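The block underneath contains the structure these notes are about, expressed in structure tokens.
Treat the numbers as computed from the prediction; the structure is a model and nothing was measured.
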Amino acid sequence: MKTGNEMTLSFDWDVKGIQFSEDRMFTRIRTIAKRDGLKETYRALYYARKAHSGQYRKKQKYSSEVLDYFVHPLQMTCHLQSMQIEEDEMLAVSLLHDVCEDCDVDPDELPFSETVRHSVKLLTKEKDPALTKEEQNVLYYDGISHDRIAAIVKLVDRCNNVSTMAETFSNVKLDEYIVETETFVMPLLKEVKETWPEYTDLTFLVKYQLIAVLECIKVMLLSAQQ
């Protein structure tokens, strides 16, 4: 470490260790699912792992490590569990939320309950060339806002993505993601709190994390422009 105006930054870390062990998260979720009889979660754990096999998160800027994509839904599900949410169908949707969009799976053909299929379908973005990106987002978030499970999973999904976006996104993408988050996700968070007040603790924690990270990224972007 150097003093004064000089600083040495080291990025020689074990990314998988920093962002939690995939094996440990898998074992944690499996253990809880078996213990509490969460049948949908148990099956979703294996289904999602197989579906995302061979897929990876976006390349990191400061590390040569490559993360399996499955780390993302695992982190989300552990995030929900850490907030004392162990509802079988919600955890299953958390694990499956990207399967249809990223793995070419029809939501209606998922071998899970109708509730799980419906929520995953709402979370799956379908591109419509006849609509602008803004119009598609309006429809997408409106659909999610009427489904308790989809809405909460979306909030945790965005929280996870925002927490890691500085590692992978370009400055332009960071700016776009901030705008989308503030335009659509923050109102969704407020709506969840008002519609389902039993999730007040969750919405507080997610809001705190989103605002803290977004404001830091804004400062970073402004500094880069100067």
Side-chain angles (χ1 to χ4, degrees), residues 16-53 55 57 67-103 105-124 144-164 188-189 191-210:
K16 292 185 179 180
I18 291 292
Q19 295 194 329
F20 313 112
S21 162
E22 181 177 341
D23 289 339
R24 287 186 179 182
M25 288 190 292
F26 186 93
T27 300
R28 170 193 168 118
I29 297 166
R30 183 180 60 189
T31 299
I32 292 173
K34 291 177 68 175
R35 182 194 69 195
D36 297 337
L38 307 178
K39 295 181 180 180
E40 296 272 71
T41 301
Y42 188 85
R43 289 192 295 116
L45 188 61
Y46 287 91
Y47 186 94
R49 183 173 69 173
K50 182 177 180 180
H52 287 299
S53 177
Q55 295 181 339
R57 294 289 272 171
L67 289 175
D68 290 343
Y69 191 88
F70 190 44
V71 165
H72 170 56
L74 285 175
Q75 285 180 332
M76 286 175 52
T77 307
C78 287
H79 191 174
L80 285 166
Q81 289 178 333
S82 72
M83 291 187 285
Q84 308 305 309
I85 295 176
E86 294 185 359
E87 179 182 339
D88 193 12
E89 290 171 326
M90 188 176 295
L91 297 183
V93 171
S94 175
L95 290 164
L96 297 166
H97 77 282
D98 276 338
V99 162
C100 296
E101 190 170 318
D102 294 344
C103 307
V105 177
D106 187 332
D108 294 324
E109 295 181 359
L110 287 170
F112 295 91
S113 69
E114 175 57 32
T115 298
V116 170
R117 289 198 300 270
H118 178 69
S119 295
V120 173
K121 188 171 186 176
L122 289 173
L123 290 164
T124 303
I144 289 174
S145 70
H146 294 93
D147 183 272
R148 177 181 59 87
I149 292 177
I152 291 170
V153 170
K154 186 62 187 181
L155 292 179
V156 176
D157 176 40
R158 183 53 57 111
C159 187
N160 185 266
N161 284 334
V162 162
S163 298
T164 59
L188 176 64
L189 193 152
E191 192 162 351
V192 168
K193 180 180 178 180
E194 293 175 350
T195 306
W196 299 287
E198 63 268 32
Y199 294 103
T200 296
D201 287 346
L202 180 146
T203 55
F204 173 81
L205 290 170
V206 171
K207 182 178 181 180
Y208 179 88
Q209 179 72 3
L210 287 177

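The CD1 atom of Ile29 sits 5.5 Å away from atom CG of Leu95, with the distance rounded to the nearest 0.5 Å. Of the inter-residue distances, the one linking Ile144 atom CD1 with Leu123 atom CG reads 5.0 Å to the nearest 0.5 angstrom. The distance from atom CG of Leu210 to atom CG of Leu155, rounded to the nearest 0.5 Å, is 7.5 Å. Atom NZ of Lys207 and atom OG1 of Thr200 lie 11.5 Å apart (nearest 0.5 Å). Between the CE atom of Met25 and the CZ atom of Arg28 there is a distance of 10.0 Å, given to the nearest 0.5 Å. Between atom CG of residue Leu38 and atom CD of residue Gln81 there is a gap of 8.0 Å, rounded to the nearest 0.5 Å.
Salt-bridge formation is detected for the pair Arg35/Glu86: a Lys NZ or Arg NE/NH1/NH2 atom is positioned less than 4.0 Å from an Asp or Glu carboxylate oxygen. In this structure, Asp88 does not pair ionically with Lys39, as no charged nitrogen and carboxylate oxygen lie closer than 4.0 Å.
With contacts defined as side-chain heavy-atom distances shorter than 4.5 Å, the pair Leu74/Leu45 qualifies.
Remark: side-chain polar atoms of Arg49 are not paired, donor with acceptor, to backbone N or O of Phe26 under 3.5 angstrom. Listed for the Glu89 side chain is no donor-acceptor partner under 3.5 Å among the backbone atoms of Ser119. At distances below 3.5 Å, at least one donor-acceptor pair connects side-chain atoms of Asp106 with backbone N or O atoms of Asp108. Counting only distance, with no hydrogens or angles, the side chain of Glu40 and the backbone of Ser113 share a donor-acceptor pair below 3.5 Å. Distance alone, capped at 3.5 Å, places no donor-acceptor pair between the His118 side chain and the Thr115 backbone. With hydrogens and angles ignored, the 3.5 Å screen pairs no side-chain donor or acceptor of Arg117 with any backbone N or O of Glu109.
Across Trp196 and Ala151, no two heavy atoms sit closer than the pair CZ3-CB, 4.3 Å. When every heavy atom of Val156 is checked against every heavy atom of Met76, the shortest pair comes out as CG1-O, 3.8 Å. Between Ser94 and Pro73, the shortest heavy-atom contact is O-CB, 3.7 Å. In terms of heavy atoms, Ser82 sits closest to His79 at OG-O, 2.7 Å. When all heavy atoms are compared, the tightest approach of His72 to Asp98 is CD2-OD2, 3.6 Å. Residues Cys159 and Val206 come closest through the heavy atom pair CB-CG1, 4.2 Å.
Within a 6.0 Å sphere centred on OH of Tyr46, other residues, nucleotides and ligands contribute more than 12 heavy atoms.
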Between Arg148 and Glu198, does the salt bridge (Lys or Arg N to Asp or Glu O under 4.0 Å) criterion hold? Intermediate values first, please. CA-CA 11 Å; Arg148 177 181 59 87; Glu198 63 268 32; 5.4 Å; no

